Trainee: 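Let me give you the structure first, and then I'll get to my questions.
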There are 2 protein chains.
Amino acid sequence: MREKLAARADDSTPLYLQLAANLRRHINDGGIDPGNALPSERDLMEMTGMSRVTIRKAIEKLIEEGLLFRKQGSGTFVAPRIEAPGSILSGFSEDARRRGDSPGVIWMFRTYATPTDEEATALEISQTTSVARLGRVRLLGGEPLAIEHAVVPARFLPNLSELGDSLYAALGSGGFNPVTGQQRIRASLATPTEAGIFSIRQNSEVLRIERLTRLADGTPVEFTRSAYRGDRYDFVSELRCPPD
Amino acid sequence: MREKLAARADDSTPLYLQLAANLRRHINDGGIDPGNALPSERDLMEMTGMSRVTIRKAIEKLIEEGLLFRKQGSGTFVAPRIEAPGSILSGFSEDARRRGDSPGVIWMFRTYATPTDEEATALEISQTTSVARLGRVRLLGGEPLAIEHAVVPARFLPNLSELGDSLYAALGSGGFNPVTGQQRIRASLATPTEAGIFSIRQNSEVLRIERLTRLADGTPVEFTRSAYRGDRYDFVSELRCPPD
DNA sequence: GACAGGAATTGGTAAACGCCAGCATGACCG
DNA sequence: CGGTCATGCTGGCGTTTACCAATTCCTGTC
């Protein structure tokens, strides 16, 4: 175990991140079963040669991820496995891939344009600012599952042609990673157009999701409205206790 | 400002929590506007007499809460205000109260019973284990908005009579605070019964939410199925970037 | 054998120190 | 006038040391 945890001298990434990664790997490999305890922080100190603060920082990271939990006076334990990935700012493609499904996309439109009143307000830009307008139909197993309409200020997406399936990947490569956001979910009935695309009856149920994501400094990045087939899609989300 | 941040000597709560609370109060009072920077960590050190680690721990807490964000080489800034609290494990009552609405509850049933097959599986208990079964209609502004059916192992709710409006408050007072959970949201159509309770047409849209919450060690605490009026309720949730 | 008490072990908080890495500003030079 | 480089700010990482608080377990006593 010692060797698995030790940091690489030639790696310049912070020690505590290396340790966290090593611990995570060791746990995922089945080195420690859920419910069982990690070595104590002081033991880890000796095993890795790192200071206790560093050990604790690594452990804290894994606790944030939900992989571990602590019990004062007792130890640090591997949390029970929870399979699902959660709704924590991941796009449709990432979601699907993680589930092992193969996502498909049909582009409906992908152009630069000017925002509507509502979109400009949401994105906190003027109505004359250029935006990228992205309309897609999401497929899962070959069937249409969702209709998405994303609006992004043009400066975050300088190259529409280079856009792959994942909007977030494109944003990230430009250094515009959204880190916070807000999402509004409601149940609704399919419009005739939607019913046509989904090949379902009119007035079938659909899940409407409206999402606004922001950079760390609060700048809105992406305003997306989607409709999901209600009979095929469950929106699953992890919950975490609120701070305090 | 110095005085507002200084810790109280007679208070035994950890220094960094006191500092975090003081900073939060100072910011909420408008002492620092969104977008503006906090004093540097080293300045705060001098102002409070605390060590830098303590300062950083306090700041990290507020960052977790989404109140601050850091920019290396530049400073620590107050994050732009986001009004909504999010879906981070809060109940209907808390949600409503935070929005300034007055929640109302009509109890449909509130008894001890045995779980169904599905419930027992979800809660990871045997079908012979006693559970509390709580059926409520949620009101907002006097109108029925949601129908909730919660199932909780009896040992977490020894006193059904003492149960107020908030299930989570009752669980918390027994030391059984749920800290993680999973939620499944889907769009669906109202059943005749639901349509009756909500006074809406049959086949109107409803939002169905199925929620399973757990203690830190993974023990399931609460399994709840709810139906919300689709035309009246938007499920709003905050997003956070995933770790790493 | 059951219980009370205490020691050892675990995580929790806090200090003081040092150095690194990104950023902004202003002085300097072309 | 404009670009560039140095400098001094910011947060980011890591070590050592110390003591507190909850838990566990063993030990001695009744």
Side-chain angles (χ1 to χ4, degrees), chain A residues 5-23 32 35-64 67-79 175 177 179 215-217 243-244, chain B residues 5-23 32 35-64 67-79 175 179 216-217 243-244:
Chain A
L5 297 182
R8 291 171 36 187
D10 60 323
D11 195 339
S12 70
T13 64
L15 269 184
Y16 78 98
L17 288 182
Q18 290 187 51
L19 176 57
N22 291 341
L23 279 172
I32 308 174
N36 288 359
L38 254 66
S40 79
E41 297 177 353
R42 285 158 178 96
D43 284 350
L44 282 172
M45 248 174 98
E46 208 179 317
M47 291 162 66
T48 62
M50 304 176 197
S51 75
R52 194 164 155 223
V53 200
T54 306
I55 308 275
R56 282 180 65 81
K57 260 193 107 169
I59 290 179
E60 260 143 38
K61 181 161 172 50
L62 297 181
I63 287 178
E64 246 183 65
L67 186 63
L68 303 177
F69 65 96
R70 287 206 252 230
K71 265 178 152 174
Q72 183 175 163
S74 181
T76 303
F77 302 85
V78 176
N177 261 311
V179 296
L215 302 180
D217 65 0
D244 240 347
Chain B
L5 297 183
R8 290 169 39 187
D10 61 322
D11 195 338
S12 71
T13 64
L15 268 184
Y16 77 97
L17 288 182
Q18 290 186 51
L19 176 57
N22 291 341
L23 279 172
I32 308 175
N36 288 359
L38 254 66
S40 80
E41 297 177 354
R42 284 158 178 97
D43 284 350
L44 282 172
M45 250 176 96
E46 208 178 318
M47 291 161 65
T48 62
M50 304 177 196
S51 79
R52 199 166 150 216
V53 237
T54 307
I55 309 275
R56 281 179 66 81
K57 262 193 105 168
I59 289 179
E60 259 142 39
K61 181 161 172 51
L62 297 181
I63 287 178
E64 246 182 65
L67 185 62
L68 302 177
F69 66 97
R70 288 206 252 229
K71 262 179 154 172
Q72 181 176 163
S74 180
T76 303
F77 303 85
V78 176
V179 296
D217 65 1
D244 239 348

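No hydrogens, no waters, no symmetry mates; every other heavy atom, side chains included, goes into these values. Each chain gets a letter, A, B and so on, in the order the sequences are listed, and its residues count up from 1. Computed from a predicted model, the values in this text were never measured in an experiment.
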Trainee: Check B/Gln18 against B/Thr13 and note the closest heavy-atom contact, atom names and distance.
Mentor: NE2-O, 2.8 Å
Trainee: Salt bridge or not for A/Glu46 and A/Arg52, using N-O below 4.0 Å?
Mentor: no
Trainee: Is any NZ, NE, NH1 or NH2 atom of the basic residue among B/Lys57 and A/Glu60 found under 4.0 Å from an Asp or Glu carboxylate oxygen of the other?
Mentor: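 A salt bridge is absent here (no side-chain N lies under 4.0 Å from a carboxylate O).
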Trainee: Looking only at heavy atoms, which two atoms of B/Ala37 and B/Ile32 are closest? And how far apart?
Mentor: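 Smallest interatomic distance, heavy atoms only, reads O-CG2, 3.9 Å.
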Trainee: Specify the closest pair of heavy atoms between A/Ser51 and A/Met45, including all atoms of both residues, with the distance to one decimal.
Mentor: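 In terms of heavy atoms, the two residues are closest at C-CG, 3.9 Å.
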Trainee: Locate the shortest heavy-atom distance separating A/Val78 from A/Leu68; write the atom from each residue and the value.
Mentor: CA-CD2, 3.8 Å
Trainee: Please state how far atom CD1 in A/Ile63 lies from atom P in C/dG11, giving the value in whole angstrom units.
Mentor: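 Roughly 10 Å, once rounded to whole Å.
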Trainee: For Watson-Crick and G-U wobble pairs within 3.5 Å on both distances, what is DNA chain D written in dot-bracket notation, | included for inter-strand pairing?
Mentor: ||||||||||||||||||||||||||||||
Trainee: Counting only side-chain nitrogens and oxygens, does A/Ser74 get under 4.0 Å of the OP1 or OP2 atom of D/dT24?
Mentor: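 Checking A/Ser74 against D/dT24: at least one side-chain N or O falls below 4.0 Å of OP1 or OP2.
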Trainee: Shortest non-hydrogen contact from A/Ser74 to A/Phe77?
Mentor: OG-CZ, 3.5 Å
Trainee: Is the distance from OP1 or OP2 of C/dT9 to the nearest side-chain N or O of A/Ser40 less than 4.0 Å?
Mentor: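 A/Ser40 to C/dT9 OP1/OP2: no side-chain N or O under 4.0 Å.
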Trainee: For the pair made of CG in B/Leu44 and C1' in D/dT10, what is the distance, rounded to whole Å?
Mentor: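 One finds 12 Å between C1' of D/dT10 and CG of B/Leu44, rounded.
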Trainee: Could you state the NZ-C1' distance from A/Lys61 to D/dG12, rounded to the nearest angstrom?
Mentor: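 Value for this atom pair: 14 Å.
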Trainee: Considering only heavy atoms from C-beta outward, does the side chain of B/Arg70 approach that of B/Ile59 to under 4.5 Å?
Mentor: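 When only atoms from C-beta onward are counted, B/Ile59 and B/Arg70 do touch, with a gap below 4.5 Å.
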Trainee: Once you round it to whole Å, what is the distance between C1' of D/dA22 and CZ of A/Phe77?
Mentor: 12 Å
Trainee: Scan nucleotides 12-17 of chain C nucleotide by nucleotide, 5' to 3', and note B when protein non-hydrogen atoms come under 4.0 Å of the base, S if they reach only the sugar-phosphate, - if neither.
Mentor: BBSB--
